[in-house]
Structure formats: structure tokens, C-alpha cells
Amino acid sequence: MNDLNTIQRKPTDYRNEYKPVWCTGCGDYAVLKSFTRAFAKLNIPNERIAVVSGIGCSSRLPGYLDTYGFNTLHGRALPIAQGLKAARPDLTVLACGGDGDCFAIGTGHFPHAIRRNPDITYVVMDNSIYGLTKGQASPTTSRAFKEQKGLIGVEEPPVNPAYFAFSMGAPFVARTHAGNMAELSDLIAQGIQYPGFAFIHCLSVCVTYQGRGFQEEIDRHVHATPANYNPGDERAVFDLLRSDPFAMGVLYKKPLDEAAFDGNRDVPVE
Amino acid sequence: MNDLNTIQRKPTDYRNEYKPVWCTGCGDYAVLKSFTRAFAKLNIPNERIAVVSGIGCSSRLPGYLDTYGFNTLHGRALPIAQGLKAARPDLTVLACGGDGDCFAIGTGHFPHAIRRNPDITYVVMDNSIYGLTKGQASPTTSRAFKEQKGLIGVEEPPVNPAYFAFSMGAPFVARTHAGNMAELSDLIAQGIQYPGFAFIHCLSVCVTYQGRGFQEEIDRHVHATPANYNPGDERAVFDLLRSDPFAMGVLYKKPLDEAAFDGNRDVPVE
Amino acid sequence: MTRNQLHLALIGSGGDGVVASATMIMQTAARMGLYGIMTQSYGPQIRGGESAAYVSVSTDPIAVVGDHKDLVVCFRFSDVNPFRQEVAMAADVTLLHPKEEQADLPEVLKAKNLRRIPVPFQELLAAEGLPEIAKNVMVFGIILQALGWQKKYGEDCIKDIFSRKSDAVISANLRAFDIGYHHLKEKISLPTLSPKQVVKRELISGNELCARSAVDAGCRFFAGYPITPSSEIMETIYDLLPKVGGKLLQAEDEIAAIGMVLGASFGGVPAMTATSGPGLSLMTEMMGISSMTEIPAVIVDCQRVGPSTGIPSRAEQSDLWHALYAGHGDAPRAVLAPMDVPSCHRTMFQAFHLAETYQLPVLVLSDAIIAQSQQIIDNLETTGLPQGKRQTFQGNGGSPYLRFSLAHTNDPGWNGVSPIALPGTPGTMHTIAGIEHNEMGKISSDAKQHEIMNRKRFRKLDYLAEETASWFHIFGNPTAKHRVVAWGSVASVLERYVTTHKDMALFVPEILSPFPIAALQDFLAGARRSSIVEQNFQGQLYHYLRSLGTIDGKTEKICRSGGLAFSNDELDRLFQEGGA
Amino acid sequence: MTRNQLHLALIGSGGDGVVASATMIMQTAARMGLYGIMTQSYGPQIRGGESAAYVSVSTDPIAVVGDHKDLVVCFRFSDVNPFRQEVAMAADVTLLHPKEEQADLPEVLKAKNLRRIPVPFQELLAAEGLPEIAKNVMVFGIILQALGWQKKYGEDCIKDIFSRKSDAVISANLRAFDIGYHHLKEKISLPTLSPKQVVKRELISGNELCARSAVDAGCRFFAGYPITPSSEIMETIYDLLPKVGGKLLQAEDEIAAIGMVLGASFGGVPAMTATSGPGLSLMTEMMGISSMTEIPAVIVDCQRVGPSTGIPSRAEQSDLWHALYAGHGDAPRAVLAPMDVPSCHRTMFQAFHLAETYQLPVLVLSDAIIAQSQQIIDNLETTGLPQGKRQTFQGNGGSPYLRFSLAHTNDPGWNGVSPIALPGTPGTMHTIAGIEHNEMGKISSDAKQHEIMNRKRFRKLDYLAEETASWFHIFGNPTAKHRVVAWGSVASVLERYVTTHKDMALFVPEILSPFPIAALQDFLAGARRSSIVEQNFQGQLYHYLRSLGTIDGKTEKICRSGGLAFSNDELDRLFQEGGA
Ligand SMILES: Cc1ncc(C[n+]2csc(CCOP(=O)(O)OP(=O)(O)O)c2C)c(N)n1
Ligand SMILES: Cc1ncc(C[n+]2csc(CCOP(=O)(O)OP(=O)(O)O)c2C)c(N)n1
Ligand code: SF4
Ligand code: SF4
Ligand SMILES: [Mg+2]
Ligand SMILES: [Mg+2]
């Protein structure tokens, strides 16, 4: 294994030469950049990183990284990432994908990944729409937007991703948006350093099917968690998560020693 | 349709002649009885009832009722019940199954059934074990029990069913145990009368693979919710659900008018 | 010069509006009494990347886009590359391209008698102060003039499209159209198409028609999960179902979707779902319980390139084996396939008829080409189509109800179907299960009972096969020496091919399982040569027909992976080479 | 009187301990140098209902439980009913039953020269103050005496079983054994079995052996979800993996299980899962991405009666079509099948060899009989078994790494496999996807590229087929006039059958796909009659072999639904009737 400190890698060192297929203005470009910045910040050797995604516009992300990657099946990033991490705990494993990928077809895997608490950082790029299949309502689409666009499922209230993760017992829960690359890359880096399952809910606009109103709404409402907010106080977390979808930053964090209950993290399968 | 009030049905009127395959002492016998008592209490014509289950010991329950029933696939009671209820809102639809059925393979359907909030009463018979497949750990098996029996998944903390349902937004959440048929049948009746998705977490002992210690522990700890407990106060619900797995009764209940947002409940598909 | 067909291609990228212009041409053709078909193709970019639209207009019904283009509009030569395998030029093709385009002409756009016409698209708009967005309407005008079609039809089309917009928008677009229509000073010598009858016809895609015909055939419940290239079925039926009192649920995944369908169908409501390969694979376990519990379900699979995620937007015929054989255990089912857009209508009636009549799952294998093509079609007849209803049980005076009654086993006329008592019916309460069971539905682990129930379930297929023995088409001269079998969108390519190859006849099954074996045997009898033509790597139909004993080693297997329709040239070559 | 086989049945219900007693007999036989096989059967009740254990002991290796019982212990005549189809009496069967049993002898227990011995089980225990729970040990003693086996072996067995218990427990059980052993005053004239060699052999089930051999073959990761009749594979490998540094995850469902396997395998670790029909159906989509991304995976399917939930505890061979054909798109795979318990060893080596060498999914079709039988087996050899390793890429000095390199396409010796660079390897970073891709793994929607990649993926199968062309067995006289093909547990029933039918030869494939076609053609050449025998309703192997062109309509299809093993009598009848 390379010594972490011999060379200092730049964000661009983590990008390969492929041009993303995303639409101009898609939030996912910023998420891609934030991944590379987080890697550079931690100076992780490219070959030690593996990023596993599902299917969706967002799930194309690993294909643009100069790391190992597996663009798997719709909804299945987490099982595959968990198998990889269990067999190869020596790798830095991340998972990523869309809101549909995680909260529709992938719903069943999410609570169980959280229960197993592997040392994986999972970034959900939430554009509140099925982007790749051209704009159907996803589980996070707001009722107002569904009503306005005539999408199916108007009666169904949206899933609250960070609250879902917290309720299932995720030890590290954060939220930000693609418009804030500094925060996003910092949170990804924190997630990687956190020795358990780190969930990062990242609002990322789909300019084509959600429209720019999504970003405008984010920009209008976004704010940091209150100054006195304690992400270790579960009652406070409950109150915030249920009431405020625009508070950004680390929303919940279990003390490190409680989080890392798998003592055997760095021994790969023989 | 029969007039509800012409005859008064007895619990035994809802049992067919088949002898359950359950082991002697299995908690599911009492659950079956409680179903029939709830039906009799509400005096629902047998033919208006449909009970949909998954696969497991517990999922055999519909086969012993003199109602319509569908013993489906492992983990799939909820999608099938939802399709039935959507197409035939004139029926009283219940779903039932085991902890594995609901919280392992069926996990992905649970939050979405809750979001759609159909008028279905869902009884999970939680023996904290995979009964039918001979005693593997389920998502609700306690870590202590796994450790003691050498079951797989010792590190994984158990799922908290009532809290899961509440977090996902279920408007009616109750808990009891098979040892308390009076309460169970009352809760099932309340669930049926509630005009939205009613989730009933019923601890039910598997004498064969969990052993009688399970029932003893229940008997030792079981208690009603505190006298001043308000199942409409979400903060209080949060506190209770996270701290007390043995409080029994209605744990959470949304006011009726908020719950019944599907205005069109009784018109079957033409 | 008159011809009866003309083939156009529009190639560009985001903002060029190639699909919009092409759609306007199609709508105008439909209004004029012409027929036509249009397909689209995309580069790798999600939106805004390269895209192409192919339009063929014709005086007679046409189901396949023509190979050699008579008119091509290309907005950027560099956009052509992703489509190089699917466009070919007629010898005397006319090419319109921006005046500003400096690059060398790409190989694919070259032709013997190419007529190259640079057009100052940008300038034309700017000169009139029209916004960029009006470009597609202007291009529509240019093409209409080139085709020699009356201006009035184009104007009507625009008024229609923008009917819900302000007058200002309408007049701006009419102006853009006008500029385009009068731009070309010298007349392009494109052949003229004369409609045989001036009548307004309908423009519809295979997916839209699947949805509409399903509702016409009695579908009252739909559950689905989006997936390319099937999503428009859900989107269309979502609009239609409320009008007939039906319901729709968008599911959290495909397992839930087919589960909801089975729940609704258990309730007595004809129900369906639609998906593509990955979703179909996920539905495998549920298909089995539909067979086992004898609960009808209709599943439309819009096939795309596989395996796995494959190429989502491109057609292949490689889900056949899955449709025929997938699922643990012996699980009866029926498999149907439309061959073009209009035949989706008949197929959906057949699907609901078989599912409801025989109480089993019915798969409909469409594909990306049929699903996504926009075709101008004639009025569709519904009379004469099979429209079976589920045989329900209303009580027989006292004797206990047997859901899976075998009472008529010894009656040779019995088709294996037991009347179903729907929830809500008094006196016939029962529980069904995917576990093996006896007549009453009671769980049984008795091996002999299992054999008896298998016989019952498969008996239905025997009778179904009898009823569907005539569900096939023959094209060309049935005594021709070379006999070919094809299905799905490949069949319509071959239908076109045999019209110009008089030594060939074509057999197209409407039902793939149970296969109309006797008819195929008749068809093949006396052939000097026979070929199975399909678009998948392994020759799935070929091996299936061999497994049935219907063909032997002398029949040729002609197959290749999907992604591109066969062209006539390629078929020439393949038939010359002969199959494996 | 000496014989080389004896067949026992123990029938009772909860508390009778029939399985425990039977297991002790098997353990003693293993200790004495005998061979044996034991299967179990249950009534509908989850636990505590009727259950039966069938034991055959033999001086030679034996893989199939004998049809006609020489000794039957029946604790309650009313318990016999669920098993009436699967037990038959030898003419001179000895029947032990409780003295208290008053009912008439059930039909199935009757026999020409039946010797009926009432035993006061209850009294015997009570007289000695022994608890009810000791009954199984006492019964073991009675049987041992009846078999004429030395008391010492029985005592050793008991000491072994209770070795972790207190001395008091051991001595109480020895006492119960002693009472039983000396109970029968008159000698039962059961034939004596003389072991050919006094050696202690191993008693193991098919599932246990699958797990152990997988680990021996290099498996270092397992993920699974419980399902009958496969769960013991997970339970056994859970104990074994930690000893070799491997890992196991119990998944939330089968989709997650196979997903975890693919994740581990992507990491370079040989990995497997095990399931039964319903779980296999759920794994369909994941199998496709294993084919597409060329990531090895081993999937064991312990087949049970289908479709749907079917009969979970009983064997059938009806998942064959699913294994061969399921999954949308053209997706290469290999399919193997053991024919009895010991062959699971060889099969698991073959499975890991093929998966790792050819980078594709390998299915192993076991069944409920093989999975659950307890068999006394000889030491298993590992030398000589295929043990391929994955071809990894370690860098080649600068030129860019191509995950799906086609560089050797024109080299006729190239088997289609591209070396894989594992995560962690510097300089070879890349992303793989279930989407169609080019050599580099980059996403491509080019139809020609798709054809090229299909060729690459299927080229592996051609070379694999060459390597596995000899993976089959022939039993009996290969020139016999009647040639039979069978696989899985049915093959071992036929293996036994052909030993007494000298006019028959049997072909048993170890690999079902790609099928050893040439070998089968050789085998069938010159046959006067040929039959495919299998246990499913549709004749899945038969139709598959026809689809390959390996057999024609003259070969008989002999099949029926599963649930019960073929008996020799039934085979006589079936061969007499001839197939379809
Ligand atoms: C099994 C399966 N079902 C459906 C699809 C079609 N599909 C592809 S991506 C997608 C959803 C995309 O939404 P999301 O996950 O939010 O990602 P986004 O494109 O918005 O980034 C769907 C439904 C599929 N590929 N596989
Ligand atoms: C797809 C599928 N996977 C696995 C199984 C095997 N299986 C049957 S029941 C069951 C779990 C039973 O546990 P639970 O749901 O808690 O019900 P219980 O028997 O404890 O009442 C499992 C894993 C199955 N039938 N189908
Ligand atoms: S469709 Fe939406 S999510 Fe997809 S690339 Fe375009 S903007 Fe991004
Ligand atoms: S195994 Fe357990 S859950 Fe199943 S019937 Fe027996 S006691 Fe009940
Ligand atoms: Mg999205
Ligand atoms: Mg359970």
C-alpha cells in the first residue's frame, strides 16, 4: 500500500477522462467535484477507493472517477457495497445513487445496511424525481410538485431521508446540497473518516425534470443548524429533522466509540 | 350486501374447520382467536373480509379463517393487500405475517404502504425468530438471544417495529402480545375501524425456536402505557417508543380526519 | 415523379428540436391522409445530447422506417457519429445543413447524387427577430415546402399544437413556419406523395396504444414502476383509468407492482403491469404465484437490449427465453407478441382474454421499437376480437365451494378452469396460497396431489392452445420455396422484405407460447429452405422451436444481437450467407 | 442369513424421537465400517407433528434409501398416513409398535410374512424410573439388538453424543440403551451385515458437504437468506468460514444476498450463496449483472417442489429451465448438478473452478433429497479436482488497463477471459457496469459494440464447454440396448436401477449447461431405445436436449411431478408404459 503522505493528490487526480452524460446544469456535476475534493483532502490513494452505485443519472458518478467503481443495478448499491466492504475492509468504500434508487426500489436495503453499520459512506443525490426515466415522481417528490405537474402519487407524502436514516439508527447523518461544494466535500470527508455507516443526504437539482425552481427553493430556505444545536442529543435531532428540511450540516452523530462496534475493520478476507 | 345488524356473529363463526399446523403452545393460536373475536365484535359479514399474509408460520393464519384469504409470498403481503384494497375498497382488508416477513424481506414495502395510507389493518406476529425455517435470527431477534444461541448477526441491533412504523408516518400504531387476547382483539377492532393504515405489533411466542423465555420476559415486563400518556403527542411517542419496548396499547394515533385523506374509500373499481 | 414512400432523417442535438420538427411532419401527414412511421434515437447524453428522428411517410400503411433516406436535415456534422450505423443515404439524397457548418462531409452523409443545400437557420430567425426556440417550427416549414405539401396543412398543425397558447405565441410560430416554408428558392425535386384518400388519421405510439387497448379490453387496474422503454404505458393509462372508474398505483418497485396487480385481480378486477427486462426479471417469483393460485395477470415487457441494464433505449428480442421459461417449478403461462404499433391493439385484447378466461399470467413481449415508434394508423376494430370474461362462481346451492374444483376432470370438454368466487360473495369464503393445495385450496404436501394439480394447471394450456391455433399471420406467397419465421418488430421488417422477394413467405406468430405448432408445420411443409430470423445472440426462438420438435437441424438460425433494426441490405447479406 | 443391505423406517410424532434414534443408528453404522443413507419426511405440522426417518445400511456405498423396509418401528398407527406413498414393506418385514396400540394395522404396514412385535416402551422406561426423553436412546438399543450389532458400538455412540453432558446424563442414557438392547427376548431373524473393513467413516448431509467443499474449493465469502431445504448450507459455512479468515453476512433477502456475493467477488474474494426456488427466482436480475460484468458468483439452488411456494420440504427437478434460461437478455452461465451427497464435493470444486476461471455465474442444482440426506461417505479426494484461480491483472508497464480487453480476439487459443484488476491494485482503476460497455468498461450504446461484447461473453462458454466435455458419468453396460439419461437425485435412483437391469445404460451429466453434447451423442449412438427420465411436469431436460438437437422425437420423455423419489417398481412401470 502506498504511504498516504508521500504525495499530495489534487481533486483532478481523481477524475478520469470521460465526459459526463449529464445535462448542462445538472447538480450531479458538483457532487462529482465534491467527491474528488474529499478524496484529495484525505489524500487517499486512488486504488484504495471503491465507489458503488445503483442505476439513475446520479448513479453514473463512479464512471467519472479514477477510482474503482461498480455501477450496479437499480436500488442495489448498498448490498453490493456491503459485500465488498465485508470482504475487503482495507478499501475505502462509498456508495451513491438517487432518491429513487435509495428510497423506492432500494428501500428494503437501507435499514439493514444501517443495522450492520459497515464503514461505508453513502451519498444520496436527491433531485426528488426519477431523472433517468424522464421525470416521474420519486418517493421524495413534494406533493405540491406532483400536483402541479400531474405526476402519479399526489396523495403520498414524501419520505424524509435524513429522518429515515436517523430513525433506523444511522450513527452519522448529514445534509447539504450540490450548490454548496465546500460543505458537501467536507461532509463526504467526515463521512469517510467516521468509522461506521455515514449517510449524506445531498439535494441536487435535476434541471430537466424538476426545473430550476428546486434550486431556487433550496437557495431561499437553506441555513445551517442552529448555533446551539447538539447533533448528539437525540430529542433535539428528532425535533429538527421532523420540522426543518433545510437545516444543513451534520444532523446526527453518535460518539465514535459507540459507532465502531466492528472491531475487525481492516483485515481483508484471506 | 348483508345488513350488518341482522345477525350477531360469534368468534367461532369466523373459524373454518382446518386444524392449524402450529406447534402446541405457539402464540399464533391466540392471534387467530383474537382475529375472530375482533370480527365478531364488529359483526362483519365473513364474505366482506379478506386477509392477506406472506410466508411463515404466522402467515398460515388466513387459512384458518372462514373469510377470504390470500397466503402470498414471503415478504409480499403488503403490495398484494394494497392492490386488493385499491381495487376493492368495499372489502375489509387485513394483512398479517411474521417479523421476518415484514422486517427482513418485506422491509421495502412497509414505508410505502404507510405513505399510501390505505385503510388496511396490518398485524405483525413478532416471535423474534424465523419460525418456519427453524430458528434463524430475524431482524427483531435480540442481540443477547443471538449471542446465547450462536445465531448469525450478533452485532446487528434489532429493529424496533412500532418505532419504525411511527417514524415512517403510520397514523395508528399499537402494540400488545398474544398472551393478552382481550387487548389484541380490541386493538384489531380499533385498527379495522380506523380509516387508514393501522399497524399492530403483536409479540407472539415461538415455543419451538425462541423458547418460553420469550413469553416469560414479556410477562415480567409488560405494562400499559403511562396513565398520562398521550398517543397524539409525537414527542411523547418518540420518547416512549425509543425507551420502552414493553408498553402496550395504542402507542400512536393521528386524529381521524387527518388520517383519512383518501376520500374515495368505498367505491370499488367498476 | 411520384413515389409511394419517402424517408427523412433529422439529426441534431439539444435545442435543435429534431424530434419536435419530425413530430409536426407526422401530424401533418396524418392530417393529409398519408400514413407514416417515426422513430427516434439518442446519443449517450441523458438530455440535450445528439438525437435523431427518422420519419417515413407513405401512401399506404407503413410500419417500418425506410433504410435509405431521401431527405436529411443535419444541424451539426459532428452529431452524426452516434447514428452512423443506422442511417444510409439514397443515391439522390437531399441534405440540408447550416450554412455555417465548415467541417468535411462525414462519410455516412455522402451519396452518389447528393444534393447539398446549406441553410442559414440562425440568420433567418435573427432577421425576423424570432427566438431560437422557434427553430423547429421553421425547419418544419422548410421540410414541408421541400416535400411539396400544402402550406395550409402545416398551418393547421401549428394552430393545433399551440391551441392552448396565447395568440402572440401562435402568430410567432406561424411566422417562423412561413419563413421556413418560403426559404428554399429553387424547387427540390423530391417525389410527391398523393394520399389515396383525404382523411385525418391517428398518430400513436405502441406504448400509448397498449395502454388504450388494455382499457378497451377491460383493464381496470394498473400498477407499475417507471422503466425505459415502457414508462409511457403507465403514463397513458394513468390518464385513461379514472375515466372508466379504474385505479392505478405507482409502486415502489416491480415486485410490488406485480404484487398489487395480483391483489387487484384476486379482487376480481382485470389488472396489468408494464415493464422492461430488469423489471421483468424482478417479477419472476410473482409470476409463479399467479400460475399457482390461478389468478390472472397481464404483464407487458417492452424488450430492450440485455442482459442486465444493457442498452435501455434500444430493442432486442432476447427476453423470449425468460418469458417462456423463467421461474422455479413448472408454471404455466401464455406469451404473446405484437409485430408493430397497430397490432398492439389486438394483442392486448388477446392478453386480457387469455388471462381472464384461463386464469393465468399472460406476458406480452413488445420491444423498444414498437413501444416508442409513432405510427399513423387506421381506425381500430374491436368487434371480432376475443373478449373473454372470468368465469365466476355465484353459489350452487349448498355444496361447499371448491376453488380449484376438479369435478369435471373426466369430462373431455373441460378446459381445466374452475370458476372463481370473488371476495364479497357470501358462502364461498376460501384462502388461496402459493403452496401446493387440494381442490379446496387447502395446503397439501402430498406428491400425488401435486401431480394432479399440475395436470389441472397445464390442462388449461392445452385448451388455450386449441383456441389460439390460428393466431398467426402469413405474408408473401405461402408456396414460395424459402419460408421464414419471425416475430415482434423484426417480423415487420421481414414483412416489408418479402413484398419485394417473391420467392419468400413469412410466418409471424401472434402467440409464442403455446406456439401455433400445427400451423407452422403446415407452413413449412414442402419448403426448400427455411429460416428463423430474430434479434438476439443465441437464437432463442430457433432453439425454442427445436425444443418443440417443430423444426429440425435443416432450418437455418439467422440471428444477431439487437440494438439496430435489420435493413433490407443486411437481410440480403444474411440470407446470402445462410444461417447456422 | 447375510445380505448386503437393510432398510429401516421409524415413524412417529413429536416426542417419539424417530430422527434421533435413526441418527444414532447411522452414526453407529459409520463407526462399524458400514455405509448408509438416511432421509426424513414430515407431515404438515410445523414441529411435533408426524415424522418419519428412513435408514438404509449397507456393506457397500449406498446413495438411495431402499424401497422395501425390513424393519419398521411405528409409534402410532395413525401417524402412518402422511407417509403412505413413500413406505413399502418387504414381504418379511418386522414391525415394532407400542404394546398399547389398539388400532387395526394400517394397509401400508401389512405384508405377506409380517412379523409383528409389540413393545411396552412406556412401561420399560417407567420401570427403570427413566424420563420420557430417554425413549429415543432405548429405541436405539432395541434396534441395535434386532440388527445384531455389537453393544459396544452403541455405547460408544452414546458416549460420543453426550460427551459434553454430565456423567449422570451419560449413565442414564447408557441405562436406557441397555434396557432397550436387552429387551427383545426372542431373536429377530434380521439378516446380518458384515462390514468389509472396520473403519470409521463420516456421516454428512449434502448441504453440510456443499458448505465444506465450497470452503475447500476456495470460497471465502457467503451471504444468504434462510430457506428450506438449503438453510444448513449457511449454518454450516457460518462455522467454517471464520477458521479460514472468511466472512459471512445473513442478508435481508435473496436479492441482497446475491448482491453481497457480487460485491465480495468484485473485491476478488471467491463467494457464494445458497437458496431454493423462490430465492432463486428473486436472484434473476442479479444473475444477469454477474454475466454482464463478468464477476464470478456461485449460486446453489436446493430444488424443492414448485411453482411458487410449492412443497418446501420435497424435491423436484423443475428449476432446470429457470437455471438455463432465466433472466432478460442473452446471459451466459454454467449449470452443474450433483447426483448424490458425496458428489457435492466434486461439484463445488467444479463450480468455483468455472466461476473463477471464466468469470461468470455458476448455478449448482442440488435438490431436497441430496440436500437433506445424511450419508456415510468415504474420504473425499481433492487432488485431481479442478481448482482454477481468477486471472488477475497486475499491471503491464504503462499501457492503459482494459477490463474487458479484446486484444486476443484473433488468437484462436483465447478463451474470452480478460484478466481482472482487483480494487487495491494501483494504476488499473476502472468502473464496471451492467450497462453495455466497451473494452475499457466505458458505457456504450453502440449496437455493433454490443454484438462484439456478446461474442466475447459467449466465447467463454465455448472454451468452457471444451474443458467440461468429459464431465459426465456412464453407468451400466454402455452397449446395452436401452440408454437412459438422468441427472440429480433421480440419477442415483437410476444408477441403482441399472445395476439390476443389464439391458440398460445410464448417462449422468455433471454439467447441464453447456451440456456435454458430444458425449451424449456417443452414448446414444446405436441405442435401440432411449429415454430421458426426470422429475418435473414438463420434461424440462427432454425439451432442453431437443433444443440442442442432441435427441430427436424417437427418444422417450419419462417424467412426472416431484415430491417422491422414483421407486424401482415405479420405474418398472414407467419403462413398460414408455414415454411420450
Ligand atoms: C429494476 C429496474 N427498474 C427500473 C429501472 C428504470 N430506472 C432507471 S433509473 C430509475 C430511477 C431514477 O431515479 P433516481 O434513482 O432518483 O436517479 P436520478 O436519475 O434521479 O439521479 C429507474 C426507475 C431500472 N433500471 N431497473
Ligand atoms: C423468497 C423466499 N425466501 C425465503 C423463504 C423461506 N422462509 C419461509 S418463512 C421464512 C421466515 C419466517 O419467519 P417470520 O416471517 O418471522 O415468520 P414465522 O415463521 O416466525 O411466523 C423464510 C425465510 C421463502 N419462503 N421465500
Ligand atoms: S435528467 Fe436531471 S438528473 Fe438527469 S442528468 Fe439531466 S438534469 Fe441531471
Ligand atoms: S415453529 Fe414457532 S412460530 Fe412456528 S408454529 Fe412452532 S411455535 Fe409457532
Ligand atoms: Mg432522482
Ligand atoms: Mg417470526
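Below, read A as the first sequence line, B as the second, and so on, with proteins coming before strands; counting in each chain starts at 1.
- Counting heavy-atom pairs under 4.5 Å between each of Gly306(D), Gly434(D), Gly288(D) and chain C puts Gly434(D) at the top.
- Between Gln449(C) and Ile311(D), every side-chain heavy-atom pair lies at or beyond the 4.5 Å cut-off.
- Between chain C and the residues Pro307(D), Ser318(D), Ala326(D), the largest count of heavy-atom pairs under 4.5 Å involves Pro307(D).
- At distances below 3.5 Å, at least one donor-acceptor pair connects side-chain atoms of Arg314(C) with backbone N or O atoms of Ser445(D).
- Trp321(C) CH2 to Asp330(D) CG: the interatomic distance, rounded to the nearest 0.5 Å, is 7.0 Å.
- Of the atoms belonging to Leu320(D), not a single heavy atom falls under 4.5 Å from chain C.
- Proximity of a side-chain donor or acceptor of Glu451(C) to a complementary backbone N or O of Ser561(D) within less than 3.5 Å is detected.
- With a 4.5 angstrom heavy-atom cutoff, Arg455(D) touches chain C via backbone and side-chain atoms both.
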Item to complete: Apply the test side-chain contact (heavy atoms from CB on, under 4.5 Å) to residues Glu285(C) and Thr284(D): give CA-CA distance (whole Å), side-chain angles for both, the deciding distance (0.1 Å), then the verdict.
Response: CA-CA 9 Å; Glu285(C) 192 196 9; Thr284(D) 309; over 6 Å; no
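- When Ser308(C), Ser276(C), Gly279(C), Pro312(C) are compared by the number of non-hydrogen pairs under 4.5 Å with chain D, Ser308(C) comes out ahead.
- Here Ile289(D) contributes atom CD1 and Ser281(C) contributes atom OG; the two are 11.5 Å apart, rounded to the nearest 0.5 Å.
- The aromatic rings of Tyr325(C) and Tyr325(D) lie parallel to each other, with less than 30° between the two planes, well short of the 60° mark.
- Interface check for chain C: of the options Gly327(D), Ala331(D), Ser444(D), Ser291(D), the most heavy-atom pairs under 4.5 Å are formed by Gly327(D).
- In this structure, the portion of Glu316(D) lying under 4.5 Å from any heavy atom of chain C is its side chain and not its backbone.
- Contact annotation for Ser313(D): neither backbone nor side-chain heavy atoms come within less than 4.5 Å of a heavy atom of chain C.
- At distances below 3.5 Å, not a single donor-acceptor pair connects side-chain atoms of Asn454(D) with backbone N or O atoms of Phe537(C).
- Highest contact tally toward chain C, considering only Gly563(D), Ala323(D), Ser547(D), is held by Ser547(D) [criterion: heavy-atom pairs under 4.5 Å].
- Here the straight-line distance linking atom NZ of Lys448(C) with atom CD of Gln85(D) works out to 4.5 Å at 0.5 Å rounding.
- Electrostatic pairing of Asp446(D) and Arg84(C) counts as a salt bridge here, judged by a charged N lying under 4.0 Å from a carboxylate O.
- Under the 3.5 Å distance criterion, the side-chain polar atoms of Asp319(D) are left unmatched by any main-chain donor or acceptor of His328(C).
- If you take CD1 on Ile255(D) and CG on Asp253(C), they are separated by 7.5 Å, rounding to the nearest 0.5 Å.
- Here the CD-OG1 distance, from Glu436(C) to Thr309(D), works out to 10.5 Å after rounding to the nearest 0.5 Å.
- Of the atoms belonging to Arg560(D), heavy atoms from both backbone and side chain fall under 4.5 Å from chain C.
- Residues Tyr544(D) and His543(C) have side chains not in contact (no heavy-atom distance under 4.5 Å, counting atoms from C-beta outward).
- For Leu280(D), no part lies near chain C; criterion is any non-hydrogen pair under 4.5 Å.
- Within the 4.5 angstrom heavy-atom criterion, only side-chain atoms of Gln540(D), from C-beta onward, approach chain C.
- Put simply, of His450(D), Gln317(D), Met292(D), Arg304(D), the one with the most heavy-atom pairs under 4.5 Å next to chain C is His450(D).
- In terms of heavy-atom pairs under 4.5 Å with chain C, the best-connected choice from Pro44(D), Gly549(D), Ala447(D) is Ala447(D).
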